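Values in this document were obtained by computation on a predicted structure and should not be read as measured data. We count ligands from 1, going down the list as the structure has it; atoms in each ligand are counted the same way.
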Amino acid sequence: MHLVAQDLAFAYPGRDVLAGVSCTVSDGTRLGVVGENGSGKSTFLHLLAGDLQPKSGEVRRHGSVALVEQELHPTPGQTIGDVVAGTLDGLRAAAAELEAAAAAFDHGSGDLAVLERTLSHAEHLAVWDADRRVEVALTRLGAPRDHGRRLDRLSVGERFRVRLACRLAERSDLLLLDEPTNHLDDSAIEFLTGELVAWRGGVVLVTHDRELLDDVATAILDLDPSWDGKPVLYGQPGYLAYRFAKNQSLHRWRQRYRAERKRAAALAERLDESYEGLSDEWRPAKGSQKHRRATHARIHVKAADRLVQKLEAEAIEVPVPPVELLFPDLPAMSPGWDPAQPVVEVRSPRVGLSHGRDDDGARLDLPGTRVAVPPSGRLLIVGPNGTGKSTLLGALAGTLELDRGSRFVAPGARIGVVGQESEPITGKARLRTGFETYADEALRLLSSGELDPDHVVPVAGLGLLSEEDLDRPLAELSAGQRRRFELARALLHAPHVLLLDEPTNHLSIDLVDELTRALQVTPCAVVVATHDRRMRSDLEDWPVLDLS
Ligand SMILES: Nc1ncnc2c1ncn2[C@@H]1O[C@H](COP(=O)(O)OP(=O)(O)OP(=O)(O)O)[C@@H](O)[C@H]1O
Ligand SMILES: [Mg+2]
């Protein structure tokens with residue numbers, strides 16, 4: 001397989017997203033793609049897949065392609081069996097095509113090398129083995145395997161794993177993955193890593209998972225701004241090499257910028273002097289050689305003007321400082337609370353199958369277990385997919401009802417919740433901007449008495465989204481930008497306790513770091529459920545509840 005993307009540019013209506021993106025992917029290339037939320041990573045994958053067309057530049061591709069999107073919206077009624085059948089049908093068709101090409105081979109004039117490649121590819125697709133491969137991939141990724149189950153009644157993570165398993169079993173020449181670890185536990189990531197390292201074709205992988213980049217990526221393409229405005233391709237394998245090279249180049253960029261500023265300042269001074277010379281012309285001293293002085297001054301001004309113009313034309317832009325998270329000052333307690341009492345607690349929680357979903361991952365039964373979160377408390381909930389991490393958070397938040405056991409919340413306690421996945425935005429809400437949605441939420445909380453005006457945390461000051469992005473309809477934002485908004489919304493009423501379900505999903509590498517640091521020091525209590533290897537090790541000194 002071979003893929004060449006040359007000088008790609010793309011724009012959504014009224015919004016430039018990518019410019020000057022080039023890359024080459026061949027067999028064995030595993031290109032990692034990184035960049036801030038909203039930098040265009042998902043858009044880039046769609047351009048490579050051919051389902052979006054670039055504004056300029058071109059994509060040339062030989063070979064089959066499979067894209068596993070960041071968010072999957074199932075067709076109503078579609079079942080796991082339908083997805084599996086799609087994979088198997090596709091494989092059969094591809095194998096038949098290859099066999100036909102081999103059969104039509106002309107022994108006199110045909111190119112034997114081409115025939116060999118064709119046969120080897122048919123072997124690689126191994127259609128006779130495809131059912132087993134799908135089953136293995138479903139099992140190893142921890143995806144449900146009952147073919148009759150409907151996709152729209154699975155959890156987001158289960159749906160993602162079904163899709164990923166089928167795409168892996170397809171063995172396409174080019175595999176495009178968008179944040180694949182968001183819904184995978186350790187053993188599933190281990191399987192994925194093995195598959196990618198052994199992938200025969202090319203892989204383009206968007207991810208914020210540093211370990212995965214280290215284990216898999218042969219090069220990294222960074223879509224964040226650089227000094228010449230073009231994305232930078234870092235040719236060394238692994239995350240650490242990329243980070244080192246990027247820090248170096250940021251350093252050089254800042255140095256060049258400082259040097260240029262100095263030159264500009266010196267020139268400005270010269271220009272001022274020349275103007276002074278000119279103004280003397282209007283008030284010549286008595287007996288001076290008026291004409292000579294005036295000509296001199298004009299030459300000076302012209303020269304300086306030209307230099308300034310040149311400098312402006314070649315100006316290096318300031319390295320855009322990345323938006324930095326400004327975590328608000330959250331309270332530990334309300335006046336009158338007994339610090340020995342938990343802010344929120346559940347005892348012996350049991351939650352049955354959730355309503356409307358035949359999802360057995362939503363079950364939780366912890367007889368004799370007390371999960372209590374004191375003021376400023378910390379708790380890390382871990383465990384493989386399906387062990388009930390989200391259910392326990394739901395029980396603590398009060399959004400899931402307990403079949404058995406009890407829940408206690410300190411009177412007046414404010415709880416901020418970030419769910420595992422963004423809620424789909426539908427109907428009129430699609431047109432509401434971030435600012436409007438935030439204001440709606442604030443008004444709702446104020447009128448229900450859950451929030452007093454002194455506690456409103458302003459959204460624009462959090463460093464999660466720029467004012468420009470907050471002024472856009474939420475439905476237009478990228479997955480990570482929407483996730484940032486949800487985090488902001490959880491902070492709106494200055495909560496006493498934050499319940500965060502897989503908070504690293506969809507967030508950029510830098511924000512994950514900033515958020516982790518903020519969670520370590522905030523006075524408010526924090527409960528995090530996560531499978532994220534990096535976050536788990538960063539929070540290793542927190543009390544852990546392991547549901548495995
Ligand atoms: N349909 C759309 N209409 C208008 N703007 C869009 C649309 N889809 C995406 N955008 C904007 O284009 C930019 C790039 O989006 P994209 O989803 O490619 O980013 P991303 O790098 O994948 O982000 P994330 O890390 O959050 O997944 C963002 O600013 C996003 O808001
Ligand atoms: Mg994306």
Side-chain angles (χ1 to χ4, degrees), residues 5 8-21 23 31-55 59 67-73 156 160 163-164 176-183 204-210 212-213 220-226 231-232 320 322-323 325 418 420-426 429-435 437 463-488 502-515 532:
L8 294 184
F10 183 82
Y12 290 104
R15 158 165 297 268
D16 286 329
V17 175
L18 295 165
V21 196
C23 72
L31 179 66
V33 180
V34 299
E36 260 316 319
N37 295 125
S39 57
K41 303 181 294 294
S42 302
T43 306
F44 177 57
L45 289 189
H46 283 288
L47 289 171
L48 297 187
D51 36 85
L52 283 179
Q53 295 310 314
K55 188 171 88 174
V59 177
L67 166 64
V68 184
E69 288 175 71
Q70 188 170 14
E71 294 175 301
L72 302 170
H73 305 289
V156 178
F160 185 86
R163 213 59 79 103
L164 179 60
L176 308 173
L177 300 178
D178 202 344
E179 293 289 359
T181 61
N182 276 352
H183 305 289
V204 181
L205 168 75
V206 171
T207 185
H208 69 266
D209 187 314
R210 283 163 273 200
L212 189 68
L213 287 170
I220 293 183
L221 176 66
D222 186 340
L223 296 185
D224 282 342
S226 69
V232 182
V320 201
V323 248
L325 175 68
V418 176
Q420 185 170 358
E421 269 305 303
S422 312
E423 295 290 322
I425 308 168
T426 51
R430 293 182 61 81
L431 298 175
R432 305 286 289 164
T433 68
F435 273 130
T437 312
L464 285 167
L465 287 169
S466 65
E467 295 201 16
E468 190 206 336
D469 284 329
L470 284 165
D471 245 341
R472 300 172 56 200
L474 277 182
E476 265 188 23
L477 299 184
S478 71
Q481 289 175 320
R482 282 205 305 281
R483 193 88 181 134
R484 285 166 173 259
F485 182 75
E486 272 152 28
L487 184 58
E502 301 292 359
T504 63
N505 278 5
H506 303 293
L507 294 187
S508 67
I509 292 175
D510 289 342
L511 182 59
V512 168
D513 273 347
E514 287 166 349
L515 180 64
D532 188 284

*Apex the Mg ion (ligand 2); atoms Ser42 OG and Gln70 OE1; angle rounded to 10 degrees*: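 Vertex the Mg ion (ligand 2), arms to OG of Ser42 and OE1 of Gln70: 80°.
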Sub-4.0 Å atoms of ligand 1 with respect to non-hydrogen atoms of [X]:
X      : answer
Gly480 : 24 (P), 26 (O), 27 (O)
Leu477 : 31 (O)
Ala479 : 26 (O)
Val17  : 12 (O), 13 (C), 14 (C)
Ser478 : 15 (O), 16 (P), 17 (O), 19 (O), 23 (O), 24 (P), 26 (O), 30 (C), 31 (O)

Please round to the nearest 0.5 Å and tell me the distance separating atom [atom1] of [X] and atom [atom2] of [Y].
X      : Y      : atom1 : atom2 : value
Thr181 : Leu213 : OG1   : CG    : 9.0 Å
Ser466 : Arg472 : OG    : CZ    : 8.0 Å
Glu69  : Asp178 : CD    : CG    : 8.0 Å
Leu177 : Thr207 : CG    : OG1   : 9.0 Å

Nearest protein heavy atom to [atom], by residue and atom, and its distance?
atom                    : value
atom 19 (O) of ligand 1 : Gly40 N, 3.3 Å
atom 20 (P) of ligand 1 : Lys41 N, 3.5 Å
atom 9 (C) of ligand 1  : Tyr12 CE1, 3.4 Å
atom 16 (P) of ligand 1 : Thr43 OG1, 3.5 Å

Just going by heavy-atom distances, which of [options] is nearest to [atom]?
atom                    : options                     : value
atom 11 (C) of ligand 1 : Gln481, Glu179, Arg472      : Arg472
atom 7 (C) of ligand 1  : Glu71, Gln70, Glu476, Glu36 : Glu476
atom 23 (O) of ligand 1 : Pro473, Gly14, Gly38, Ser39 : Gly38

*If every non-hydrogen atom of Pro503 is compared with every non-hydrogen atom of Leu515, which pair is closest and at what distance?*
CB-CD2, 4.1 Å
*asked:* If I compare all heavy atoms of Ile425 with all of Arg430, which pair ends up nearest, and what's the gap?
replied: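 For Ile425 versus Arg430, the nearest heavy atoms are O-NH1, 3.2 Å.
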*Parallel, tilted or perpendicular: which fits the ring planes of Phe160 and His183, with parallel below 30° and perpendicular above 60°?*
tilted
*Phe44 and side-chain contact (heavy atoms from CB on, under 4.5 Å): which partner among Cys23, Pro231, Pro54, Ser39?*
Cys23
*Sort out for me which residue in Val232, Val21, Val34, Val204 forms a side-chain contact (heavy atoms from CB on, under 4.5 Å) with Leu221.*
Val21
*Is Gly35 in polar range of ligand 1, meaning some N or O pair under 3.5 Å apart?*
no
_Is there a polar contact, in the sense of an N or O pair closer than 3.5 Å, between Asp469 and ligand 1?_
no
*Does ligand 1 have a heavy atom under 4.0 Å from the side chain of Asn37, from its backbone, from both, or from neither?*
both
*Look at ligand 1 and say whether Ser508 reaches it with a heavy atom at a distance under 4.0 Å.*
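Outside the 4.0 Å threshold, so no.
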*Can you spot which of Glu486, Glu71, Glu421, Arg482 makes a side-chain hydrogen bond (donor to acceptor under 3.5 Å, both in side chains) with His506?*
Glu421
_Any salt bridge linking Glu36 with Arg484? Criterion: basic side-chain nitrogen under 4.0 Å from a carboxylate oxygen._
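Arg484 and Glu36: salt-bridged.
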